[in-house]
Enquirer: 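Below are the C-alpha cells for one structure; questions will follow.
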Amino acid sequence: MLRTHTCGELRADQIGQEVTLCGWIDTCRDHGGTLFIDLRDRYGKTQIVFAPEGEAANLEAGRRLRSEDVVSISGKVAPRPAGTENADLATGQIEVRVRRVEVLNKSKVPPMKPSAKEQPSEDLRLKYRFLDLRRPEMQRTLILRHRMVKLIRDYFDERGFIDIETPMLGRSTPEGARDYLVPSRVQPGTFYALPQSPQLYKQILMIAGYDRYVQIARCFRDEDLRADRQPEFTQLDLEMAFVDANDVIGVIDGLMARLARELLGIELSLPLPRMTYDEAMERFGHDAPDLRFGMELVDVSDLAATADFRVFRETVASGGKVRGLNAKNAADRYSRKGIDELTGYVTGDFGAKGLAWFKVGDERRLASPIAKNFSDETLARIAERMQAEPGDLLLLIADKWEVTCKALNGLRRRLGAELELYQPGQMHFSWVVEFPMFEYDREEACWAAMHHPFTSPRPQDRAMLAGEPEKCRAQAYDLVINGFEAGGGTIRIHDQKLQSQVFRLLGIDEQTAATRFGFLLDALQYGAPPHGGIALGLDRLVMLFGGLDNIRDCIAFPKTQRATDMMTGAPGQVDGNQLRELGVKIIRE
RNA sequence: GGGGUCGUAGCUCAAUUGGUUAGAGUACUGGACUGUCGAUCCAGUGGUUGCGGGUUCGAGUCCCGUCGACCUCGCCA
C-alpha cells in the first residue's frame, strides 16, 4: 500500500504516529512561512502543514503543488494548536506535519474544482465526469446507491431468492418500447435486441422451478429521454412462483421498510397504503399520484351541465367532464398574469382548451370573469362541492375525461411544488392496483396491453375477456413514491390457452406469437406454476431516496437527452470493415 | 416530430431602449504574509459573446438558419 491511512481517517488517537497519506490537492492556504494544504480523497480531507521549522525544500515543493495534483505525503500526526481545531472536518482535531512530499502526478488546471461552492453546468460535468465524480455530492449518491444495492441483495438472500443472470443479447419483440439492436456477424442480416427487461427469461425460470429469482438487471429502451428516464437503466427485477399479488406486494413492502429505515432513518408503517387505478384516476387524474399532499380533483360536471356557461354545458352534453381542484389560500399567490401562465401550461402541454378559475372571496363568494354566466345557486354549490373558503383559488377544466386527468394532474403537481405543499425530505410510499388489462389504441385501432401481454386478468374478470375486454382488470400493481412510478409488476398468465386468447385479443396472430414467443407458449405447456413478480427502477429509487430531481445524478456515466455520452463521445461512427463484416450498410439521407 | 429555457473570460454570472474600448467574482500567473481552513492583501494575464447568415450608421442584444445542454408534450408493453 502506498498509504497508511485515508484522508478521512486520522483522529486524536493517532497523534504522534508517522503516517503516509495519498490524495488530491484540494485547497492551499499559503501564509509565507507556513503553508496549509487540504489533502482530499473520497474518505475526507486532512490538513497538511508545511511549517518553517521543517525542511525548506519541503516548503518549496509544497508551494509548487496545484489543485488536483495527486501526491503522497508522509509526516507526523500532530494536534492542532488550541483554538485552531476545525469542527467542520472529521479530521479537524489533527494535522499532518510534512516530512516528505512526492508528486505522484501533476494535474492540468482543472475546468472545475470538486470543492467549489458553485455547481458547474451540466454539460461540463458530463464532459469531465472524472472530475465531477470527485465532488462530494456525487460520491454521496454513488455510495447511497451501493448501500441500497447491498441492502437489496441481503434482503432477498435472506428470503431464499437466487440471483440469476439473463442474456443481454436476446430476440427483438416489437411490442413495447423501441429496441436497441445488435447485428449478428455470424448470421449476417439478423439482429439481437438488448433487453427492455428480463421479463420472458424470468418467467421461464419460474417454469424451470427456480421459484424465487432476483436480479439487478441492466435494461435498454430506445425512447426519448426525460429527467427520470435514461436509455440504459437498471431494474431490481424479481419473480416468484406459487404466489398471488399480495405476496409480491408484501415482499416489496418489507424491502421498502428496510431501505427507508437503513438509508433514511424513517419507519414505514406496513402494509403500505393501496388504491385502485380507478380511484387514483378519479381523485388525482394519474396512475402514479403524488400523495405527499391533498388537493384532490373534484368533479362538478353535474353542476356545470346546468350553467349558462356554454363551454361547460356543451362539454358535459357531449360526454366530457368538468373537473377542478382547489388551491387552498392561493388566490393571492396567482395574479391575472400568473393564472395566464397556468392556462398556457394546461393548454400547451396537455391540450386543454382553457382554464376556468374562481377566486374565493368573503362569504365564499366566487369571483371570476366567467362568474356572470352562473346562477348564485350554482356558484354556491360549486363552492360547497370544492370546499372553498375565502382566499382559495379554484381551477377548473372542461374537456374529455382523459384531458381533464392529464391537465389537472399536471396542474396539481405544479401547484404542489410552487405552493410548497410538502416538505423537502418527505417520502410517501403507496401501491396502485387493479389496472385495466387493456387500453384502446386509436392509431392502430386495436386493444393494447396496459402493462404487458403476459399479465393475468383477475380470476373474476376472466369471463369478460371475450365480450368486454375494457372492463377486465389485471392482477397488476405499481409502487408509487412521491408521484413517481418506482416499479410495477403483475401476476402472469401461466396457462397456455389463456395466453393465446390474450394474444388474439391484442391482435397478435398465432403465427406471430409462435415466432416471437413460441418458446414461452411451449414452456407454458410443461408444468408452468402460477407466478408473478415485479421490477423496480433502481436509478429512480436512488433518485428518490437521495432527494434528487434527476436520474443522471444517480448514474456514474449517464447519457444526455440526445442519448450521447459527452465523455466518450458515444455513439460514434465505426470502421467500414466492421460494417462489412456485419453485412450492415449505412443509408445516408 | 412539437413547444419552451439557455449558450458571453478556464468556471459561475452581469452588460439599461440596439450605442464608446464587453464587466464582476472566482480560477490562473507574479508578489507580500508564521495558524489558516472559501485564508487575506497587491498587481497582472485572460474574450471569434456556440457557429453561419441577415437587418442596421452601429448587434452580446433584433431576425433567419444551425449546433449543443436542459425542461416538457408525443413516445416510454
Side-chain angles (χ1 to χ4, degrees), chain A residues 26-39 45-54 59 63 66-68 78 80-89 91-92 95 97 108-113 115-128 131 173-179 196-197 199-200 219-231 233 341 344-352 403 406-407 410 413-414 435 437-439 441 443 447-455 474 476 485 488 490 502 506 508 535 537 549-550 552 559-562 564 566:
Chain A
D26 197 65
T27 52
C28 303
R29 295 174 292 280
D30 187 350
H31 288 251
T34 308
L35 170 65
F36 301 98
I37 284 180
D38 285 346
L39 194 64
K45 292 197 272 191
T46 301
Q47 174 162 284
I48 312 297
V49 186
F50 297 72
E53 54 271 23
L59 187 58
R63 283 234 164 79
R66 292 293 179 271
S67 292
E68 301 309 306
R80 293 196 184 191
T84 67
E85 300 89 348
N86 186 347
D88 297 333
L89 230 50
T91 61
E95 59 195 16
R97 308 242 163 182
K108 288 171 68 176
V109 175
M112 54 196 267
K113 292 197 172 189
S115 53
K117 184 182 55 176
E118 294 157 325
Q119 177 163 284
S121 66
E122 190 160 9
D123 31 348
L124 196 78
R125 292 177 53 206
L126 292 174
K127 182 172 177 194
Y128 295 96
L131 298 178
T173 55
E175 293 79 18
R178 198 175 291 113
D179 283 321
Q196 296 181 22
S197 79
Q199 182 61 37
L200 293 171
C219 304
F220 305 86
R221 293 178 190 174
D222 187 5
E223 297 292 348
D224 286 352
L225 286 75
R226 286 285 188 284
D228 63 347
R229 266 169 28 196
Q230 282 274 304
F233 62 102
E341 248 180 62
Y345 176 59
V346 296
T347 55
D349 274 12
F350 305 106
V403 175
K406 284 184 179 181
R413 285 172 190 258
R414 178 170 168 160
F435 282 74
M437 276 288 283
F438 310 101
E439 53 192 347
D441 185 336
E443 266 176 47
W447 292 101
M450 187 132 180
H451 198 83
H452 59 55
F454 319 106
T455 300
E485 181 194 328
T490 64
V502 169
L506 295 171
I508 303 172
D549 59 7
N550 92 63
R552 293 180 299 279
K559 304 278 190 294
T560 68
Q561 193 162 49
R562 287 186 65 253
T564 61
M566 291 194 77

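Protein chains get the first letters and strands the later ones, always in sequence-line order, with residue 1 at the start of each.
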Enquirer: If I pick the P atom on B:rU17 and the same atom on B:rC6, what distance separates them, to the nearest angstrom?
Expert: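 B:rC6 and B:rU17 have their P atoms separated by 16 Å.
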
Enquirer: Distance check needed: B:rU12 P versus A:Met112 CE, whole Å only.
Expert: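 Distance, rounded to whole Å: 9 Å.
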
Enquirer: Does any donor-acceptor pair link the side chain of A:Arg226 with the base of B:rC70 at a separation under 3.5 Å?
Expert: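 Absent.
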
Enquirer: Please state how far atom CG in A:Asp549 lies from atom P in B:rC70, giving the value in whole angstrom units.
Expert: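 Those two atoms, CG and P, are 13 Å apart.
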
Enquirer: How is A:Leu124 classified with respect to the nucleic acid when contacts are heavy atoms under 4.0 Å: base, sugar-phosphate, or nothing?
Expert: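 Sugar-phosphate, no base atom in range.
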
Enquirer: Using atom OH of A:Tyr128 as one end and atom P of B:rC11 as the other, report the distance to the nearest whole Å.
Expert: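 Those two atoms, OH and P, are 8 Å apart.
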
Enquirer: With sequence neighbours excluded, tell me which residues meet ring-ring contact (aromatic ring centres under 6.0 Å, His included) with A:Phe435.
Expert: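 Counting only residues at least two positions away or on another chain, A:Phe435 forms a ring-ring contact (aromatic ring centres under 6.0 Å, His included) with A:Tyr277.
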
Enquirer: Under 4.0 Å between any heavy atoms, over every strand shown, what does A:Thr173 touch: base, sugar-phosphate, or nothing? Just pick one.
Expert: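 No contact at all - A:Thr173 keeps every heavy atom at 4.0 Å or more from the nucleic acid.
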
Enquirer: A:Pro120 has a side chain; which of B:rU72, B:rC28, B:rC11 sits nearest to it?
Expert: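 Nearest listed nucleotide: B:rC11.
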
Enquirer: Calculate the interatomic distance between A:Glu68 atom CD and B:rA27 atom C1'; express it in whole Å.
Expert: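 Atom-to-atom, A:Glu68 to B:rA27, this comes out as 13 Å.
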
Enquirer: Residues in ring-ring contact (aromatic ring centres under 6.0 Å, His included) with A:Phe350, at least two apart?
Expert: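 Testing A:Phe350 for ring-ring contact (aromatic ring centres under 6.0 Å, His included), a comparison that skips the adjacent residues, returns A:Tyr345.
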
Enquirer: Which part of the nucleic acid, if any, lies within reach of A:Thr564 when heavy atoms closer than 4.0 Å are counted: base, sugar-phosphate only, or nothing?
Expert: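 Answer is sugar-phosphate: A:Thr564 comes under 4.0 Å of backbone atoms only.
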
Enquirer: In chain order, what residues pass the side-chain hydrogen bond (donor to acceptor under 3.5 Å, both in side chains) check against A:Thr84, with sequence neighbours excluded?
Expert: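 In terms of side-chain hydrogen bond (donor to acceptor under 3.5 Å, both in side chains), with neighbours along the sequence ignored, A:Thr84 is linked to no residue.
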
Enquirer: Check the distance between B:rC70's P and A:Arg125's CZ and give it to me in whole angstrom.
Expert: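 Taking CZ of A:Arg125 and P of B:rC70, I get 11 Å after rounding.
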
Enquirer: Between the side-chain atoms of A:Arg221 and the base atoms of B:rC76, is any donor-acceptor pair under 3.5 Å?
Expert: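 Result: no qualifying N/O pair found.
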
Enquirer: Using heavy atoms to find the nearest nucleotide of RNA chain B for A:Arg552 and A:Glu175 separately, return the residue whose nucleotide is more 5′.
Expert: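 This one resolves to A:Arg552.
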
Enquirer: Indicate for each nucleotide in nucleotides 34-46 of chain B, in 5' to 3' sequence, whether protein heavy atoms under 4.0 Å reach the base (B), only the sugar-phosphate (S), or nothing (-).
Expert: BBBBBB-------

Enquirer: Report the residues that fulfil salt bridge (charged side-chain N to carboxylate O under 4.0 Å, His left out) with A:Glu223, sequence neighbours left out, ordered by chain and then residue number.
Expert: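 For A:Glu223, the residues satisfying salt bridge (charged side-chain N to carboxylate O under 4.0 Å, His left out) (neighbours in sequence not counted) are A:Arg178.
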
Enquirer: Does any nucleotide pair with B:rG60 by Watson-Crick or G-U wobble geometry, both distances under 3.5 Å, and what is it?
Expert: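 Its partner: none found.
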
Enquirer: B:rA69 P sits how many Å from A:Gln119 CD, rounded?
Expert: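 Rounding to the nearest Å, CD of A:Gln119 and P of B:rA69 are 17 Å apart.
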
Enquirer: Checking A:Asp30 now: which residues fulfil salt bridge (charged side-chain N to carboxylate O under 4.0 Å, His left out) with it, not counting sequence neighbours?
Expert: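 With sequence neighbours excluded, A:Asp30 shows a salt bridge (charged side-chain N to carboxylate O under 4.0 Å, His left out) to A:Arg63, given in chain and number order.
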
Enquirer: Do you see a donor-acceptor pair shorter than 3.5 Å between the side chains of A:Gln47 and A:Arg29?
Expert: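 There is such a pair (donor and acceptor under 3.5 Å, judged by atom type) between the side chains of A:Gln47 and A:Arg29.
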
Enquirer: What I want to check is whether an N or O donor and acceptor connect the side chain of A:Asp224 with the base of B:rG74 at under 3.5 Å.
Expert: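 For A:Asp224, whose side chain was compared with the base of B:rG74, there is a donor-acceptor pair (under 3.5 Å).
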
Enquirer: Quick one: label A:Lys45 by what it contacts on the DNA or RNA (base, sugar-phosphate, nothing), any heavy atom closer than 4.0 Å.
Expert: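 No contact at all - A:Lys45 keeps every heavy atom at 4.0 Å or more from the nucleic acid.
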
Enquirer: Return the pairing partner of B:rU21 with a 3.5 Å limit on both distances, Watson-Crick or G-U wobble; otherwise return none.
Expert: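 WC or wobble partner does not exist here.
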
Enquirer: When all nucleic acid strands are considered with a 4.0 Å heavy-atom cut-off, which category describes A:Ser197: base, sugar-phosphate, or nothing?
Expert: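 Base contact.
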
